[in-house]
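In what follows, chains carry the letters A, B, and so on, assigned in the order in which the sequence lines appear, proteins first and then strands, with residues in each chain numbered from 1. Note that this is a predicted model, so its numbers are computed, not measured.
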There are 2 protein chains.
Amino acid sequence: MPADRGQAAGRPTISEVAAEAGVGRATAARTLGGYGYVSPELRERVLAAAAKLGYRTNALARSMSTGVSHTLGVIVADIGNPFFAGVVRGISDTSRARGFDTIVLSTYEDLDEEVAATNVLIDKRVDGVIIASAAVDRGEVAHIRAAMDRGIPVVLVDRAIASLDLDAVVIDNRDAAREAVEMLIAAGHRRVGFVWGPPAAEAPATRRGLLTEASRNLWTDGERLRGYLDALDDARIPFDPELVMVGRKTEERATQEVARMLALPDRMTAVFCTETDAVTGALRALRAAGLSCPRDIALIGFDDSSWAAVMEPPLTMIEQPVHQLGAKAAEVLLDTFEGAEPRREMHTLRSRLVVRSSVAPPPGA
Amino acid sequence: MPADRGQAAGRPTISEVAAEAGVGRATAARTLGGYGYVSPELRERVLAAAAKLGYRTNALARSMSTGVSHTLGVIVADIGNPFFAGVVRGISDTSRARGFDTIVLSTYEDLDEEVAATNVLIDKRVDGVIIASAAVDRGEVAHIRAAMDRGIPVVLVDRAIASLDLDAVVIDNRDAAREAVEMLIAAGHRRVGFVWGPPAAEAPATRRGLLTEASRNLWTDGERLRGYLDALDDARIPFDPELVMVGRKTEERATQEVARMLALPDRMTAVFCTETDAVTGALRALRAAGLSCPRDIALIGFDDSSWAAVMEPPLTMIEQPVHQLGAKAAEVLLDTFEGAEPRREMHTLRSRLVVRSSVAPPPGA
DNA sequence: CTGTTAGCGCCTTCAT
DNA sequence: ATGAAGGCGCTAACAG
């Protein structure tokens, strides 16, 4: 065995502190661990010895014997994405305040990565997991079930999974989308584009086909699509598959698709974008077509930002409570550690439609 | 002792797997841990038993005995900030690919938080630390020294600390700023504003005072300020303290300060912004003043984004290689684990000036 | 109130 | 090639 296995230079242990202080190991452990009773005198001596040696508790060893790691696992699609970065910040702010640290793993929407990430967290013995899962089908949630079976509390964030009966913290995607599209319709628009929908290879011709496709994909996208259809239905505007973008979700494709919708015989006069990249993609298409917003085309999109406010025109956007989303998820999870019974329900946070100037009546009105 | 201390439901240990397979614990440990020699037959039996019981290795226990946690600690100002989110993504992508997970802590530029974060990482026995430190003075780096003294390799990212003799991965802030300001000057501008500088309570009247102030604060800000001054010097344009913003760095204050500079008798005709929020703040001021970019005022800023490209006009911006910044830092750190000698040098990554249309000659030209 | 003792699950020498 | 035994640093019963 190497001389310093697990015991690198300058890493005194409780035993050494005890020796230095001339007390038993348990006494040192008690004062350093902050539990049990210890007389003031000995306490002082232990503290002095610890300070002298520069003692720092070994959280690994502590976790080994307590079975608690004071660490939360977080699984999201992409920590580099401002949306998830905000959620993660919410999670780490509130968990840190309650003594927990976080290990964050990105999956890039790949299910295999998600399974691997879950295993890493299980192996590292995190006390709980918060996950924005890409899983939808009943068959794709085995890894989440595995964690639960091992007694690890799990909370879903951003995306609910119906078949799972877990606490989920999400926003009112469907209502938010409906409200936005309603505003477009109220301004007089009847040709409203939807960018973007489910990543189907081909655009389903029917509304039913589209919804089926949506239910096989990201929960948020499906909800937003439903909100869009809700608004159309309420206004008795027929659904036109030509006006919804499906397929790979990239800014470039959004630009192409919006250009296509703009070129339709019965031209689109308003766009609803479900993500930031969809908004910038749409804006590029407008510019390329020499169209001006809101005179020629109205626009509302998801995910407000400072940029949206300084655009010309200032953009009407949906603001998601990203930080709160993470904070609430962490709270729900941490509460179970304090004995709170998991309520296994959907916690829906409200988004906010920030009205600015990107909506006006359609050209002919 | 509670019956299941550290041994919750459904968490078989190596001993149980060994029993199930009818072999010794060491044999099970060897095959499950992937080390040592084990005959194919026994190997199979162990694997089968492990699969049957749903065995997952306990990384904590492994770390206890090996002294290696396969975890990196990351300390940044704010994981919710897109810049750091990008850096963190770079770090976790490359460390994950090499078998390491990350614990990320935000300090919000608070030194006490930074010290606390460092201690958390020491306690959790991370194998190395990557830090974008807010420390500058020799007196503020004790916590980093403490980590080093405990044998934990440390790599600085985004911000160098001269007094520390560590590997640092940064971008060419000074050159980037100079190049941008040079472009402004080349277009004919002589009244170039700088938003924002060091958070001094009051604007130092002299150039020297400003630099002193800057050296007491964030390294990046100081470098960018130097680049600005470099460009001014080369063009023999006198430095005017009225044209640099100091103090709290918020979007609102940027707006106020730019408004002030715009109202100067000898009006500013170009602005250089060192951060995204400074850019949007400046843009608000322009709009409020009814000025148009680039006709009335030219602008260049740090941190390119999709938004900058769809602005009217499209903005000329400096693109930082955020992902690469993190990736390189992780590489340098991970390499030391494979025995590479830390080179303790500054690794400077190149930024890129993305030229678009926000720069034109000043009004009178 | 304090010290002794026995684990937590794994890795690793040391015999066999 | 395999098994037995000890230790990583800490917590937690238990005895004193």
Side-chain angles (χ1 to χ4, degrees), chain A residues 1-46 50 53 55-70 122-125 127 150-151, chain B residues 1-8 10-46 50 53 55-70 122-125 150-151:
Chain A
M1 189 182 308
D4 65 347
R5 187 155 66 93
Q7 164 69 10
R11 293 197 186 169
T13 72
I14 267 194
S15 305
E16 297 174 49
V17 174
E20 173 76 26
V23 303
R25 301 198 332 221
T27 303
R30 274 190 279 259
T31 93
L32 263 12
Y35 59 92
Y37 299 91
V38 119
S39 69
E41 302 107 294
L42 291 194
R43 196 186 154 64
E44 275 316 306
R45 269 164 53 197
V46 171
L53 300 180
Y55 171 82
R56 289 254 93 214
T57 191
N58 183 332
L60 256 34
R62 174 174 292 170
S63 298
M64 273 296 293
S65 63
T66 59
V68 175
S69 64
H70 281 273
I122 290 175
D123 292 355
K124 292 228 159 145
R125 295 300 191 263
D127 297 328
R150 283 182 159 77
Chain B
M1 187 182 310
D4 66 346
R5 187 153 67 91
Q7 164 70 8
R11 292 199 187 169
T13 71
I14 268 194
S15 305
E16 299 174 47
V17 173
E20 172 76 26
V23 302
R25 297 188 345 208
T27 304
R30 275 189 277 258
T31 92
L32 264 11
Y35 57 93
Y37 300 91
V38 117
S39 68
E41 302 107 294
L42 291 195
R43 195 184 156 65
E44 276 315 306
R45 269 162 58 194
V46 171
L53 299 180
Y55 171 83
R56 291 251 95 214
T57 193
N58 183 332
L60 257 34
R62 175 173 292 168
S63 298
M64 272 296 296
S65 59
T66 58
V68 175
S69 64
H70 281 275
I122 291 175
D123 292 356
K124 292 229 158 142
R125 296 300 190 264
R150 283 182 159 75

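Separating the NE2 atom of B:H70 from the P atom of C:dC10 is a distance of 15 Å, rounded to the nearest angstrom. Remark: P of D:dA12 and CE of A:M64 are 13 Å apart, rounded to the nearest angstrom. The distance from atom OH of A:Y37 to atom C1' of C:dT2 is 14 Å, rounded to the nearest whole Å. Following rounding to the nearest Å, B:R56 (CZ) and C:dG9 (P) show an atom-to-atom distance of 16 Å. As a whole-Å value, the separation of B:I14 CD1 from D:dT2 C1' is 15 Å. In this entry the distance linking CZ of B:R30 with C1' of D:dA1 reads 8 Å, nearest Å. What separates CG of B:L53 from P of C:dG9 is a distance of 14 Å, to the nearest Å. In this structure, B:L60 atom CG and D:dC10 atom P are separated by 14 Å, rounded to whole Å.
Checking the phosphate oxygens (OP1, OP2) of C:dG3, a side-chain nitrogen or oxygen of A:T27 falls inside 4.0 Å. Taking side-chain N and O atoms only, A:T57 has no distance below 4.0 Å to OP1 or OP2 of D:dG9. Proximity of A:Y55 to the phosphate of D:dC10: a side-chain N or O atom is located under 4.0 Å from OP1 or OP2. Checking the phosphate oxygens (OP1, OP2) of C:dT2, a side-chain nitrogen or oxygen of A:S39 falls inside 4.0 Å. At least one side-chain nitrogen or oxygen of A:Y35 sits closer than 4.0 Å to the OP1 or OP2 atom of D:dT11.
Distances were taken from every side-chain heavy atom of A:V38 (C-beta onward) to each of D:dG3, C:dC8, C:dT2; the shortest belongs to C:dT2. Out of C:dT4, D:dG7, D:dC10, the shortest distance to the side chain of B:S65 is found at D:dG7. Between C:dC11, D:dT11, D:dA13, one nucleotide has an atom nearer to the side chain of A:R62 than all others, and that is D:dT11.
Not a single side-chain hydrogen bond (donor to acceptor under 3.5 Å, both in side chains) links A:T31 to another residue, sequence neighbours left out. The salt bridge (Lys or Arg N to Asp or Glu O under 4.0 Å) test applied to A:R62 returns no partner, not counting sequence neighbours.
Between the base of C:dG9 and the side chain of A:R125 there is no donor-acceptor pair shorter than 3.5 Å.
Closest non-hydrogen pair, B:S69 versus B:R125, comes out as OG-O, 2.7 Å.
Note that the CG atom of B:D123 and the NE2 atom of A:H70 stand 12.0 Å from one another [nearest 0.5 Å]. Note that the NZ atom of B:K124 and the OG1 atom of A:T57 stand 11.5 Å from one another [nearest 0.5 Å]. Expressed to the nearest 0.5 Å, how far OG of A:S63 lies from CG of A:D127 amounts to 7.5 Å. The distance from the CG atom of B:N58 to the CE atom of A:M64 is 6.0 Å, given to the nearest 0.5 Å. If you take CD1 on A:I14 and CZ on A:R25, they are separated by 9.0 Å, rounding to the nearest 0.5 Å.
In the helix from C:dC1-D:dG16 to C:dT16-D:dA1, the terminal helix axes, each the rotation mapping four pairs' C1' atoms onto the next four within five end pairs, subtend 40°, rounded to 10°.
Mapping A:A28 and A:R25 onto DNA chain C via the closest heavy atom, the residue that lands nearer the 5' end is A:A28.
In this structure, B:L42 reaches the sugar-phosphate backbone alone: every heavy-atom distance under 4.0 Å involves primed, P, OP1 or OP2 atoms, never a base.
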